[in-house]
2 protein chains.
Amino acid sequence: MIKSILGYGITIAMLLIILKWIDYRLFTGFVSLEVYAGIIATIFTVLGVWIGLRLTSPKVVTVERENEFELDAEKLKSHGISNREYDVLGLMAKGCSNQEIADELYISLNTVKTHASSLFSKLDAKRRTQAIQQAKQKGLLP
Amino acid sequence: MIKSILGYGITIAMLLIILKWIDYRLFTGFVSLEVYAGIIATIFTVLGVWIGLRLTSPKVVTVERENEFELDAEKLKSHGISNREYDVLGLMAKGCSNQEIADELYISLNTVKTHASSLFSKLDAKRRTQAIQQAKQKGLLP
DNA sequence: TACTATCTCATACTTTAGAGTGAATTAGTC
DNA sequence: GACTAATTCACTCTAAAGTATGAGATAGTA
């Protein structure tokens, strides 16, 4: 902050010096009136551009961020979860019962229970709701 | 397009006319050199600002927004869910068992079951996992 | 080939969830 | 005061979930 104020001050001072110097040159006949006007026009055009860029507030665009979910085999592997167990987990999260999962995957109810049990131990969960919560936290489910 | 080019042309023409006019006034002694310089400075500062705003692409700041979750009483009301039922729903989503919910809210297990049952009917769910899924979809849970 | 992991299924048992019904209490509304 | 919604709780069952254990089949790996 102090730095920028100092910068502004120095810039303005230099501008005034330049203007005064040109003024002097004009009176001593070194430059013509046209050149004088041209220099002033140039300086103030640049100043105007600079002010214009400074004073405009940037347009703010708010972007909704999709909770983009990406599952790679690595994530599953790191938790020791097999493909079939992940299938079961996904259907659990959708709200399916064990029987519905069995029907969906063409396996028996007992098999679903087996997968579920091993899932719970791998996810440190005691219930399916907890397993879902854990899986989402670990990025295994969207 | 043609309209804006015409506008530019007219603007530039008027600028030149004004400058020439001031030039004339200066020579006839109607304005001092300082005023002359000041007018030129003003005109070109404005021009500079205008050019600066025109020629630069508008500043855009992109802000990523978390899919922030906001719960208002309206949402709950629209689904007929009471405060206490919502308490139960929240703990369910965290993976708590009915007994744990009862302990957390200092109510009996039976009461939790009652709340749960009415929740399910209000959310068109047959199971707690489905209720959680539905609630998240309806924006009742983060 | 032997080993290992995965997937599958079964059986028996315990625990939890959920449905259905009824009821008492409280607070706010007409 | 009557009415209503919300909260609380109890009791009884049934259905579902979850545990434990064992075991057969298959496919990939050392």
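Convention: sequence-line order gives letters A, B, ...; per-chain numbering from 1. Here the structure is a predicted model, which is why all the values come from computation and not from measurement.
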So, the side chain of B:Lys122 versus the backbone of B:Ile81: is there a donor-acceptor pair under 3.5 Å, distance only?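 Judged by distance alone, no pair lies under 3.5 Å.
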Would a distance-only check, ignoring hydrogens and angles, find a side-chain to backbone donor-acceptor pair under 3.5 Å from A:Ser117 to A:Thr114?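 Pair absent, no side-chain N/O of A:Ser117 close to backbone of A:Thr114.
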What distance do [X] atom [atom1] and [Y] atom [atom2] have between them, rounded to the nearest 0.5 Å?
{"X": "B:Thr111", "Y": "B:Ile101", "atom1": "OG1", "atom2": "CD1", "value": "12.0 Å"}
{"X": "B:Asp103", "Y": "B:Ser97", "atom1": "CG", "atom2": "OG", "value": "8.0 Å"}
{"X": "B:Leu91", "Y": "B:His115", "atom1": "CG", "atom2": "NE2", "value": "11.5 Å"}

Rounded to the nearest Å, what distance is computed from the [atom1] atom of residue [X] to the [atom2] atom of nucleotide [N]?
{"X": "B:Asp103", "N": "C:dT16", "atom1": "CG", "atom2": "P", "result": "12 Å"}
{"X": "B:Leu119", "N": "D:dA6", "atom1": "CG", "atom2": "C1'", "result": "13 Å"}
{"X": "B:Asp87", "N": "D:dA6", "atom1": "CG", "atom2": "P", "result": "14 Å"}
{"X": "B:Tyr86", "N": "D:dT7", "atom1": "OH", "atom2": "C1'", "result": "19 Å"}
{"X": "B:Ile81", "N": "D:dA5", "atom1": "CD1", "atom2": "C1'", "result": "15 Å"}

How do B:Asn110 and B:Ser82 order along DNA chain D: which one's closest nucleotide is nearer the 5' end?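 This one resolves to B:Ser82.
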Toward the 5' end of DNA chain C, by each residue's nearest nucleotide, A:Lys122 or A:Ile107: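 Nearest nucleotide further toward 5': that of A:Lys122.
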Where the side chain of B:Ser108 is concerned, which of C:dA10, D:dC9, D:dA6 is the nearest nucleotide?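 The listed nucleotide nearest to B:Ser108's side chain is D:dC9.
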What does the B/S/- profile of nucleotides 13-30 of chain D look like, 5' to 3', with a 4.0 Å heavy-atom cutoff to protein? ----BBB-----------
At less than 4.0 Å, is any side-chain N or O atom of A:His115 found next to OP1 or OP2 of C:dT8? Yes or no.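 For C:dT8, OP1/OP2 do have a side-chain N/O of A:His115 under 4.0 Å.
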Using salt bridge (Lys or Arg N to Asp or Glu O under 4.0 Å), reason through A:Arg127 and B:Glu100 one step at a time and then give a plain yes or no. CA-CA 12 Å; A:Arg127 284 165 289 284; B:Glu100 286 170 348; 2.9 Å; yes
